[in-house]
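Written out below as structure tokens is the structure these notes cover.
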Number of protein chains: 2
Amino acid sequence: MPFPRILTLTLPSPYEGEGFHTRAIFGFDVLGTNGWKVMLTASIEDYIKAIYALEIEDRKASTKKLAQRLDVRMASVTGMIKHLASEGYVKHMPYRGVHLTERGRRVALDLVRRHRLIELFLSRTLALTWDELHADAEVLEHAVSDSLIERIYEYLGCPEFDPHGSPIPRKDGSVAPQPGVPLDQFPIGAKGTIAEVSDQDPEFLRYLTKLKLAIGSIIRVRERAPFNGPILLDSGSETIAIGHDAASRIRVHSGRAGGRRKSHN
Amino acid sequence: MPFPRILTLTLPSPYEGEGFHTRAIFGFDVLGTNGWKVMLTASIEDYIKAIYALEIEDRKASTKKLAQRLDVRMASVTGMIKHLASEGYVKHMPYRGVHLTERGRRVALDLVRRHRLIELFLSRTLALTWDELHADAEVLEHAVSDSLIERIYEYLGCPEFDPHGSPIPRKDGSVAPQPGVPLDQFPIGAKGTIAEVSDQDPEFLRYLTKLKLAIGSIIRVRERAPFNGPILLDSGSETIAIGHDAASRIRVHSGRAGGRRKSHN
DNA sequence: CTATTTTATTTGGCTATCCTAATTTTTCTT
DNA sequence: AAGAAAAATTAGGATAGCCAAATAAAATAG
């Protein structure tokens with residue numbers, strides 16, 4: 001903590017005349033074991049988080065999709081990408097999209113951790129639903145100090161998963177393995193338990209509620225239509241048809257209730 | 001809510017050539033009855049809060065003190081003051097310091113409200129002390145949405161006072177009257193109850209703890225030395241001497257435990 | 001009441017982040 | 001494979017908030 005993070009140095013200028021100032025950032029160990037980390041702007045963090053999300057969805061992050069997601073112009077994205085690349089958070093092949101480096105991935109996972117812990121904390125204490133507090137969590141993840149996050153983590157009982165079954169990245173950057181397999185790949189005829197709903201879109205969650213599906217529901221896949229068609233499954237005494245896209249966002253593990261459970265209590 | 005707050009307009013230019021852009025802010029009713037308010041930057045809010053605090057301490061806010069408190073240079077303060085004056089948050093007489101307008105006072109009170117509610121919420125839920133979470137509250141007061149603040153307010157049971165006895169400004173900008181009178185003006189010989197400790201400096205609070213004084217303590221002023229000298233008082237079975245400065249930060253109300261109490265439960 | 005010191009302001013610059021418009025590269029269509 | 005459309009980049013500017021240095025006003029000391 002008492003370690004200097006950003007120093008302004010006066011170095012001899014390569015040009016004639018007097019020295020010039022430069023900003024040296026001693027932050028090699030970005031998210032760290034050292035107990036300190038480089039302070040990033042909210043803007044930079046948002047870009048890194050968006051790149052992380054797009055890499056999961058599309059395998060790469062394109063300038064256009066980033067611009068849409070962040071609600072800025074493509075020119076701004078290109079500019080920021082260059083900056084992120086120069087700082088070592090992403091690899092950029094011009095006209096080919098960006099990918100996070102390990103360093104960037106660390107930052108993204110830290111943000112996911114913060115986001116999920118804040119969301120969980122506020123929903124527990126204030127009894128608010130996900131969509132009521134998502135916008136706040138989005139802002140607060142940049143603002144809350146590390147020490148407060150750790151305190152919240154303890155308060156919640158050091159959870160490994162959030163209420164939707166998604167893992168909460170650990171402080172060291174490791175992530176608990178996802179329980180189960182996507183519903184659209186679950187073997188036909190087998191019985192399974194819904195372990196995770198990877199999407200947090202409130203409308204999608206409402207849809208699932210209408211189908212009476214939730215984390216912990218026991219289901220059996222009855223039939224899968226070809227060409228990414230709907231999937232027929234038994235849940236309780238009912239038979240449900242669910243689209244392929246929706247099914248791919250649900251993870252199921254076999255057996256009754258084993259595997260890892262949501263938060264811990 | 002669906003009311004536009006900030007519009008970018010293209011107006012005819014007063015100079016030759018084409019039109020120019022301007023930012024029109026429809027925020028006359030700054031903190032308001034309308035359910036919406038103008039979004040201010042964290043920086044602006046910090047200046048307004050600092051001016052508010054300095055006006056209470058010194059009757060006016062000087063450029064120098066603001067610079068010290070905000071940890072910026074005086075040139076930056078002058079610049080921001082001009083901006084705040086142009087937006088109607090402060091009255092500025094050059095070389096004479098600044099004063100908040102009613103509009104600025106509203107903003108400051110809203111920030112105090114947010115700050116105290118966040119602090120109270122975090123200390124209740126996470127069992128942290130004031131000095132552990134002050135820094136976070138300082139940041140979060142700018143970040144938390146109005147709706148979340150209201151939810152926190154309800155969760156806490158709509159408190160009128162914080163744990164130190166300071167009133168929490170109401171949403172409409174009104175403030176509950178301070179209970180009691182400053183200890184240095186309390187009549188000699190009278191019995192009273194400590195109602196408020198207006199300062200939140202952790203060292204000051206530790207000092208009071210050492211003297212075994214806290215909100216609710218019953219005391220009797222025994223003697224007041226002249227020329228702002230120390231004040232002698234009885235508390236329980238002990239006799240305590242307390243400096244004039246410290247005494248002025250403590251408010252006492254007469255009687256045993258009447259008046260308003262800290263939060264409500 | 002003048003000289004010095006302190007406080008405040010002005011001027012000119014810097015960086016981060018965004019923008020529009022123009023240009024270049026890639027991809028799609030036929 | 002050529003031309004059109006889409007995606008990405010570059011170039012040039014704007015704004016907010018900060019700073020250092022120069023200047024101006026007010027306060028203070030002799």
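Each chain gets a letter, A, B and so on, in the order the sequences are listed, and its residues count up from 1.
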Please give, in whole Å, the distance from dT9(C) C1' to Tyr95(B) OH? 4 Å
Measure the distance from CG on Leu54(A) to P on dA8(D) and round it to the nearest whole Å. 11 Å
Report the nucleotide, chosen from dA8(C), dA8(D), dT9(C), that has the shortest atom-to-atom distance to any side-chain atom of Lys64(A). dA8(D)
Expected output is a numbered-order residue list: members of residues 71-86 of chain A with a heavy atom under 4.0 Å from any atom of DNA chain D. What is it? Met74(A), Ala75(A), Thr78(A), Lys82(A)
Kindly say whether Thr129(B) contributes a backbone atom to a donor-acceptor pair with the side chain of Glu132(B) at under 3.5 angstrom? yes
For the residue pair His83(A) / Glu87(A), report whether a side-chain donor-acceptor contact shorter than 3.5 Å exists. no
When you compare the side chain of Lys171(A) with that of Asp146(A), does any pair of heavy atoms fall below 4.5 Å? no
Do Ser145(B) and Ser147(B) have a side chain donor and acceptor closer than 3.5 Å? yes
Would a distance-only check, ignoring hydrogens and angles, find a side-chain to backbone donor-acceptor pair under 3.5 Å from Arg114(B) to His142(B)? no
Closer than 4.0 Å, any side-chain N/O of Thr63(B) to the OP1 or OP2 of dT9(C)? yes
Please name all residues satisfying side chain to side chain donor-acceptor pair (under 3.5 Å) with His99(B), sequence neighbours left out, ordered by chain then number. Glu55(B)
When the distance from CG of Leu66(B) to P of dA8(C) is rounded to whole Å, what number comes out? 9 Å
Is the positively charged end of Arg151(B) above the ring of Phe121(B), judged by distance under 6.0 angstrom from the centroid and angle within 45° of the axis? no
Rounded distance in Å - CG (Leu70(A)) to P (dC18(C)): 8 Å
For DNA chain D, what residues of residues 41-53 of chain B have any heavy atom nearer than 4.0 Å? Thr41(B), Ser43(B), Tyr47(B)
Separation of dT26(C) C1' from Arg96(A) CZ (nearest whole Å): 7 Å
Side chain proximity check, Leu84(B) to Val98(B), heavy atoms < 4.5 angstrom: no
Would you say the side-chain atoms of Ser123(B) pair up with the backbone N or O of Glu119(B), donor to acceptor, closer than 3.5 Å? yes
Could you state the NE2-P distance from His92(A) to dT25(C), rounded to the nearest angstrom? 14 Å
